[in-house]
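Heads up, the thing below is written out as structure tokens.
All ligand and atom numbering here is 1-based and tracks the order in the structure.
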Amino acid sequence: MSRSAELFAEARQHLVGGVNSAVRAFRSVGGDPPFMRRGEGAWIEDEDGRRYVDYVLSYGPLAVGHAHPEVVDAVQAAAARGLSFGAPTVAETELAKRVKALVPSIERIRLVNSGTEATMSALRLARGYTGREKILKFRGNYHGHVDPLLVEAGSGVLTLGIPGSPGVPEGVAAATLTVPYNDIEAAREVFARYGEDIAAVIVEPVAGNMNCIPPVPGFLDGLRGLCDDAGALLIFDEVMTGFRVAPGGAQAHYAVTPDLTCLGKVIGGGLPVGAVGGRGEVMAHLAPEGPVYQAGTLSGNPVAMAAGIATLDVLTRDGAWEAAADYARRLTEGLTERARAAGVPFATNRVGTMMGLFFTDAGAVQGFEDVAACDADAFRRFFHAMLDGGVYLAPSAFEAAFVSTAHDEVALAHTLDVAERAFAAL
Ligand code: HOZ
């Protein structure tokens, strides 16, 4: 029995499902998850001493890889000065300035502790600002475990096949309207019927929680137009896409400006940080300037701020982001070549440093139905062959893959070698 298997057996006695977040329990791929003990650059090492090239990167945050020396130094220095003050610090303003410089639609920002907190606060703000209750979201988009946003959600909800979560009051769920992702006509019909009641549309501008699905042309700007005509707010959930799809996020890549943006993951560089930001006039409705209440004891935590600042500094320096995006391009091309050589039906999506891998002969993967139709068994077998060979992918066909600035030629060659054998074994 491996050390990880022993540790998982022990963890299950104390933690629900042996984990603290559902997807990492390996339920949809089977087997025991390796317990990780350290990471460095593009690599992680488990408790059995096995090393893997990491494409999970803590589900996105580690844009500059594991334990980047500059990030670690900044965190250690901040921790030595004090772990939390519950009072304003310079680091909060410094992080806000960096985010605003990269994402110009953010005129003002509220820092919180997770992506879930960011989307929860954005919804409340949108409802408080417009005086309306209904929200439009898209099937298979996941915005954290916020009650009204768990309706037809992606990520673990899809991975575990939970259609809707018990515990979400019917009245709350009823205020959430859903249509298929990338279907602007369906969104138009909903607006024709409920337009005056819709507070906001919330969307992952590149869906990253039903694997990785970019928006089709006309989808995001179509949503912008519908919101403008109806007086609703457009919220981009860039928790996953922020600083990944482009340094300025999906809104820069697709040139569509939302009213509010939710951030998380990369903004904390691996420590818990989220943010909601946007038009100053809308943000002014948040307490203490406005009546929409939002607060948090650990919000703007100085250690987390230090990690976020250092991560953004490294990521945006000397072509680092561009090099990571180029690695992702070469990786998806290399995987596609090897799948073709092995005669395995396979497709990829990629935007910036985010990728999706699909076992399908359908060609383009543009919506939830396309992902659901992929060969789940082929994914499972490929996943385990990659894991055995030393490549760590997310243990779910509904999660995206990520690349960091630390992924180099050695990591690429190792990944493609292992993939060649994994495809051949399929
Ligand atoms: N929901 C996150 C990924 N989209 C976290 C997955 C996990 O850690 O279980």
Side-chain angles (χ1 to χ4, degrees), residues 4 8 11-12 15-36 39 44 46 52 54-63 66 112-120 137-147 149-162 164-165 168 181 202-213 236-245 250 262-274 349 351 353-357 368 371 379 383 387 392-404:
S4 282
F8 193 45
R12 280 201 301 265
L15 304 169
V16 179
V19 292
N20 285 301
S21 191
V23 177
R24 63 184 78 159
F26 270 45
R27 287 281 168 103
S28 73
V29 290
D32 295 325
F35 272 48
M36 298 306 173
I44 42 173
D46 72 15
Y52 311 83
D54 186 10
Y55 294 102
V56 180
L57 295 172
S58 190
Y59 291 90
L62 305 180
H66 290 271
V112 295
N113 300 286
S114 68
T116 290
E117 257 191 70
T119 57
M120 178 186 76
K137 80 174 280 286
F138 298 91
R139 276 178 212 142
N141 275 199
Y142 177 75
H143 307 285
H145 57 103
V146 182
D147 277 358
L149 297 176
L150 275 180
V151 179
E152 300 201 72
S155 191
V157 179
L158 272 179
T159 304
L160 300 178
I162 300 170
S165 177
V168 176
Y181 186 72
I202 185 164
V203 63
E204 288 185 81
V206 174
N209 287 285
M210 48 174 169
N211 212 314
C212 176
I213 304 201
F236 274 9
D237 177 351
E238 297 231 40
V239 168
M240 224 176 234
T241 55
F243 319 108
R244 280 206 165 276
V245 159
C262 299
L263 294 169
K265 298 193 189 274
V266 173
I267 197 179
L271 292 189
V273 182
N349 282 334
V351 197
T353 64
M354 251 175 101
M355 301 166 301
L357 314 181
F368 172 68
V371 181
F379 171 76
F383 167 83
L387 192 68
Y392 189 60
L393 299 170
S396 163
F398 299 110
E399 297 287 346
F402 303 102
V403 161
S404 79

Does ligand 1 have any N/O pairs with the protein under 3.5 Å, and how far apart?
| residue | atom | partner | partner atom | Å |
| --- | --- | --- | --- | --- |
| ligand 1 | 1 (N) | Ser155 | OG | 3.0 |
| ligand 1 | 4 (N) | Ser155 | OG | 3.1 |
| ligand 1 | 4 (N) | Asn209 | OD1 | 2.8 |
| ligand 1 | 4 (N) | Glu399 | OE1 | 2.8 |
| ligand 1 | 4 (N) | Glu399 | OE2 | 3.4 |
| ligand 1 | 8 (O) | Ser21 | OG | 3.2 |
| ligand 1 | 8 (O) | Arg24 | NE | 3.1 |
| ligand 1 | 8 (O) | Arg24 | NH2 | 3.0 |
| ligand 1 | 9 (O) | Ser21 | O | 3.4 |
| ligand 1 | 9 (O) | Ser21 | OG | 3.0 |
| ligand 1 | 9 (O) | Val23 | N | 3.0 |
| ligand 1 | 9 (O) | Arg24 | N | 3.2 |

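Between the side chains of Ser155 and Glu399, a donor-acceptor pair is found at a separation under 3.5 Å.
Cation-pi geometry between Arg24 and Phe26 is not satisfied (NZ or CZ under 6.0 Å from the ring centre, within 45° of the ring normal).
Every residue meeting the side chain to side chain donor-acceptor pair (under 3.5 Å) condition with Tyr55, not counting sequence neighbours, appears here in chain and number order: Tyr327, Thr415.
For the pair Asp237 and Asn141, the minimum side-chain heavy-atom distance is 4.5 Å or more. Thr241 has its side chain within reach of Pro205: a pair of non-hydrogen atoms, C-beta onward, lies under 4.5 Å apart. Side-chain contact check for Phe35 versus Asp46: every heavy-atom pair is 4.5 Å or farther apart.
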